[in-house]
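Below, chains carry the letters A, B, ... as their sequence lines are ordered, and counting in each starts from 1.
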Number of protein chains: 2
Amino acid sequence: MRNDVRELRLAAGLSQRELAEALDVSRQTVNSIETGRYDPSLPLAIAIARHFHRSVEEMFHAD
Amino acid sequence: MRNDVRELRLAAGLSQRELAEALDVSRQTVNSIETGRYDPSLPLAIAIARHFHRSVEEMFHAD
DNA sequence: TTTCCATGACAAGGCAGCTTGACAGTTGAG
DNA sequence: CTCAACTGTCAAGCTGCCTTGTCATGGAAA
């Protein structure tokens with residue numbers, strides 16, 4: 001899965017740490033998702049999409 | 001997370017086995033998701049939503 | 001230079017997601 | 001009744017997601 005997290009985070013002027021705090025996860029988790037180490041869990045994916053006012057399908061797409 | 005998988009599966013006239021085959025997962029995985037034992041992974045959630053022509057957010061909602 | 005923030009990455013550990021195989025209970029067809 | 005399909009659940013095992021802690025690198029500010 002590819003995702004648009006980094007683009008949207010930067011567009012929002014947030015650091016990985018700030019986004020992590022807003023999502024209540026660790027900085028490493030945000031970094032791992034952005035760098036494609038792994039996909040977020042379903043609830044986290046929904047929280048991320050919600051945070052950026054996007055749908056899950058818009059933010060996460062099959063590679 | 002609650003989900004509408006069972007309702008939609010039954011409305012489509014499918015058995016757990018048939019849905020599992022359509023999604024390329026095991027019958028136990030479909031059963032576990034329907035009975036709330038655990039949430040699907042993000043890619044599987046997207047595949048399920050897509051199968052039933054719904055959005056992820058429509059099918060999977062915070063409890 | 002020194003300090004601070006941001007990022008990338010690794011390790012170890014815990015729990016979640018998924019697998020195959022198996023068993024039991026229920027229901028419906030014959 | 002017999003048989004098959006459907007469902008629920010368990011066990012064991014593997015891998016993925018997320019944690020805390022740590023380290024290295026780079027850039028900006030003072």
Distance-only criterion, 3.5 Å: show the donor-acceptor pairs between side-chain atoms of residues 36-56 of chain A and protein atoms not counting sequence neighbours.
residue, atom, partner, partner atom, Å
A/S41, OG, A/L44, N, 3.3
A/R54, NH1, A/F52, O, 3.0
A/S55, OG, A/E58, N, 3.1

As a check of understanding: the bend across the helix from C/dT1-D/dA30 to C/dG30-D/dC1, end axes from five pairs, rounded to 10 degrees, works out to 30°
Interatomic distance, A/E57 atom CD to B/E57 atom CD [nearest 0.5 angstrom] = 6.0 Å
Along nucleotides 20-30 of chain C, 5' to 3', which nucleotides get a B, which get an S, and which get a -, given that the test is a protein heavy-atom distance under 4.0 Å?
-> BBB--------
At the 4.0 Å heavy-atom cut-off to chain A, mark where contacts on DNA chain D begin and end, going 5' to 3'.
-> D/dC17 to D/dT22
Could you name each residue pair satisfying salt bridge (charged side-chain N to carboxylate O under 4.0 Å, His left out) that touches residues 17-27 of chain A, not counting sequence neighbours?
-> none
Please identify each residue that fulfils side chain to side chain donor-acceptor pair (under 3.5 Å) with B/T29, with sequence neighbours left out.
-> B/S26
Can you check the B/N31 CG to C/dG17 P distance for me, whole Å?
-> 15 Å
Could you pull out every donor-acceptor pair under 3.5 Å between side chains of residues 1-11 of chain A and any protein atom, sequence neighbours left out?
residue, atom, partner, partner atom, Å
A/R2, NE, A/D63, OD1, 2.8
A/R2, NH2, A/D63, OD1, 3.4
A/N3, OD1, A/V5, N, 2.9
A/N3, ND2, A/I33, O, 3.0
A/R6, NE, A/E34, OE1, 2.9
A/R6, NH2, A/E34, OE1, 2.9
A/R9, NE, A/E34, OE2, 2.5
A/R9, NH1, A/L14, O, 2.8
A/R9, NH2, A/E34, OE1, 3.1
A/R9, NH2, A/E34, OE2, 3.4

Listed in order of residue number, which residues of residues 32-47 of chain A have a non-hydrogen atom at under 4.0 Å from DNA chain D?
-> A/Y38, A/D39, A/P40, A/S41, A/L44
When you measure from every atom of DNA chain C, which of residues 3-15 of chain A have a heavy atom less than 4.0 Å away?
-> A/R6, A/R9, A/S15
